[in-house]
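Take a look at the structure below.
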Number of protein chains: 2
Amino acid sequence: MVDRTSGLPAFRQVAADLRAKIASGEYEPGDRLPSERELVESYGVSRPTIRDAVNVLRSEGIVVAEHGRGVFVRRPARIRRLARSRLSRQARESGQGAFLADAATEGFTPSSSVKVGFEPASERVAQLLQIEPGDEVTVRDRVMRADGAVVQLAVSRLPRTLTRHTAIEQVDTGHGGTYARLEEAGHRIASFAEHVGARMPEPQEASALQLGSGVPVITVTRLAVTAERTPLEINDIVLPADRYELAYEWPSD
Amino acid sequence: MVDRTSGLPAFRQVAADLRAKIASGEYEPGDRLPSERELVESYGVSRPTIRDAVNVLRSEGIVVAEHGRGVFVRRPARIRRLARSRLSRQARESGQGAFLADAATEGFTPSSSVKVGFEPASERVAQLLQIEPGDEVTVRDRVMRADGAVVQLAVSRLPRTLTRHTAIEQVDTGHGGTYARLEEAGHRIASFAEHVGARMPEPQEASALQLGSGVPVITVTRLAVTAERTPLEINDIVLPADRYELAYEWPSD
DNA sequence: GAGTGGTCTAGACCACGAA
DNA sequence: TCGTGGTCTAGACCACTCC
């Protein structure tokens with residue numbers, strides 16, 4: 001029952017109570033919560049108020065509602081890793097792209113589809129690639145799947161001057177992937193930089209990645225540059241935060 | 001007006017329409033949306049339905065509601081960086097902790113408060129620090145502020161065997177901070193590892209970091225280890241995703 | 001005081017899932 | 001068929017902001 005004198009809104013009291021019961025283990029991952037109509041009885045509030053409370057927990061990502069079945073405590077996500085070493089030249093020479101290397105480590109069956117196209121550079125892309133806005137860039141738009149489910153979106157952009165007459169403009173870039181083709185063409189990658197952020201997904205991202213509500217996405221912008229600090233490629237990656245964790249490691253000096 | 005024949009729920013149609021108007025620039029950052037009662041008129045639905053629609057946008061983090069004032073398009077976040085170099089030995093020797101270095105770069109006035117305590121190692125902490133569960137660890141719980149506002153939470157844990165009789169057990173660790181004291185005691189840090197994830201905040205995090213709804217947190221677990229792979233410290237950091245972006249950089253080989 | 005969002009009610013009907 | 005969540009209504013009163 002809610003305390004009408006506490007000043008705290010009823011739906012927040014209900015949300016806090018349910019959250020506490022989940023944290024304490026009274027409801028465990030995979031368990032079904034009492035139905036909304038049962039909660040109406042036990043807390044003595046109306047159904048819209050119960051729904052407000054459940055929606056708080058949904059937007060926190062700790063429960064998921066399934067139409068016709070019930071509301072369930074979300075199971076803790078299994079974790080994959082993206083290691084720094086997956087971009088090493090050695091891995092590349094063994095013919096593995098980064099995603100394939102992850103698949104081998106984590107034991108899932110990888111697949112991906114690619115669309116290749118060309119577009120004029122936007123303001124942002126031009127600045128990052130140090131070219132002029134409107135200059136033609138090659139765009140590789142990839143959707144990556146693990147055991148059939150979409151787990152990663154990546155859009156890679158390179159100045160078209162670097163990709164003409166290379167397999168980078170083909171769907172299949174061949175052994176070693178884009179980076180191997182770049183190096184063959186004399187563009188040696190000296191370093192990578194990644195900028196990592198997080199935000200709530202846009203609707204099309206949420207459906208593509210099959211995200212439950214309350215699950216953010218991790219965004220990674222990776223830049224590959226030469227020893228002369230010339231940018232070769234910019235890769236915008238979107239990952240579901242409930243299935244990915246990024247790993248970075250570096251020596252202290 | 002909503003289309004009753006489309007099959008799409010009315011509140012989602014309203015949300016999509018408002019989202020499109022924000023994306024197109026019809027409503028710009030900082031602008032007030034029409035009041036809920038005005039939206040009731042223009043879309044021809046009830047007020048709870050309008051509220052459902054607005055709540056969708058709130059949980060996506062693209063608008064914020066202010067009681068008694070209106071609903072506003074969120075202003076794009078300014079960006080700070082956590083660079084890898086901020087943990088360099090050089091920075092440490094100049095007496096700057098990582099957060100102070102950020103402050104100097106970004107031009108804000110830093111402050112922080114620390115609580116120091118001791119506790120038995122949890123299962124997770126024991127595994128990461130390679131000690132036994134229950135072994136005593138020193139806990140430094142820090143709240144970091146920029147211009148008075150909380151911008152970062154960090155809980156650092158070290159085996160107490162490493163911190164006894166050092167300033168690490170004091171609130172003020174002195175010039176160069178915890179890492180400098182560790183090295184003075186003969187524990188030379190060889191490398192750092194960071195694991196980065198994202199999730200929706202817990203309620204106390206949301207209030208401490210003054211997060212609007214629909215803003216995730218970035219979580220960083222940093223491990224400092226010696227050349228012999230002995231873990232010295234584990235640091236659990238929570239950052240508001242609308243104010244932070246992490247930067248990592250490494251050579252290609 | 002007028003206008004805003006915040007909360008809450010007591011229903012109604014629909015769509016989905018499982019028995 | 002029955003129980004579940006999904007959607008929606010037409011109000012009501014409150015708390016906050018601004019004039």
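Hydrogens, waters and symmetry mates are skipped; everything else that's a heavy atom, side chains included, is used. We name chains A, B, ... by the order of the sequence lines, and we start the count at 1 in each one. If you're wondering where the values come from, they're calculated on a predicted model, not measured in any experiment.
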Taking every non-hydrogen atom, the tightest pair across B:F72 and B:G30 |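 Shortest heavy-atom separation between B:F72 and B:G30 comes out as CD2-O, 3.5 Å.
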
query: Any idea which heavy atoms bring A:I218 and A:Y244 closest together, and the distance?
result: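 Taking every non-hydrogen atom into account, CD1-O, 3.9 Å.
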
Are OP1 or OP2 of D:dC18 and a side-chain N or O of B:R69 less than 4.0 angstrom apart?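 The answer is yes; a side-chain N or O of B:R69 sits under 4.0 Å from OP1 or OP2.
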
Query raised in the report: Between A:E66 and A:P9, which is nearer to the 5' end of DNA chain C once each is assigned its nearest nucleotide?
Result: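 Final value for this comparison: A:P9.
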
With DNA chain C as reference, determine whether A:F11 or A:G68 sits nearer its 5' end, using the nearest nucleotide of each.
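Here A:F11 is the residue nearer the 5' end.
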
Sidechain N-carboxylate O distance under 4.0 Å for [X], [Y]:
| X | Y | result |
| --- | --- | --- |
| B:D52 | A:R51 | no |
| A:K21 | A:D31 | no |
| A:R157 | A:E119 | yes |

Within the distance-only criterion (no hydrogens, no angle test), does the side chain of [X] pair as donor or acceptor with the backbone N or O of [Y] below 3.5 angstrom?
| X | Y | result |
| --- | --- | --- |
| B:R222 | B:F192 | no |
| A:R140 | A:Q170 | yes |
| B:R74 | B:G61 | yes |
| A:Q13 | A:L8 | yes |

Subject >> Helical bend (five base pairs per end, nearest 10°) for the helix from C:dG1-D:dC18 to C:dA18-D:dT1 >> reply: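 The angle separating the two end axes equals 10°.
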
Does anything in residues 49-62 of chain B come within less than 4.0 Å of DNA chain D? Heavy atoms only, and list the residues if so.
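Those residues are B:T49.
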
* **Residues within residues 37-48 of chain B bordering DNA chain D, heavy-atom distance below 4.0 Å** =>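 Residues of residues 37-48 of chain B that come under 4.0 Å of DNA chain D are, in numerical order, B:V45, B:S46, B:R47, B:P48.
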
For this session: Please assess A:L18 against A:L57 for the test side-chain contact (heavy atoms from CB on, under 4.5 Å), listing each intermediate value before the final yes or no.
Result: CA-CA 8 Å; A:L18 291 173; A:L57 302 186; 3.7 Å; yes

Rounded distance (Å) that lies between atom [atom2] of [N] and atom [atom1] of [X]:
| X | N | atom1 | atom2 | answer |
| --- | --- | --- | --- | --- |
| B:R4 | D:dC8 | CZ | P | 6 Å |
| A:F72 | C:dC16 | CZ | P | 17 Å |
| A:E36 | C:dC14 | CD | C1' | 14 Å |
| A:L8 | C:dG6 | CG | P | 15 Å |

For B:V137, the option from B:V125, B:I234, B:L158 that meets side-chain contact (heavy atoms from CB on, under 4.5 Å):
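In the set B:V125, B:I234, B:L158, the residue that makes a side-chain contact (heavy atoms from CB on, under 4.5 Å) with B:V137 is B:V125.
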
Can you tell me if A:H67 is stacked onto the base of C:dA15, using a 5.5 Å centroid cut-off and an angle below 30°?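 A stacking contact exists, since A:H67 sits close and nearly parallel to the base ring of C:dA15.
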
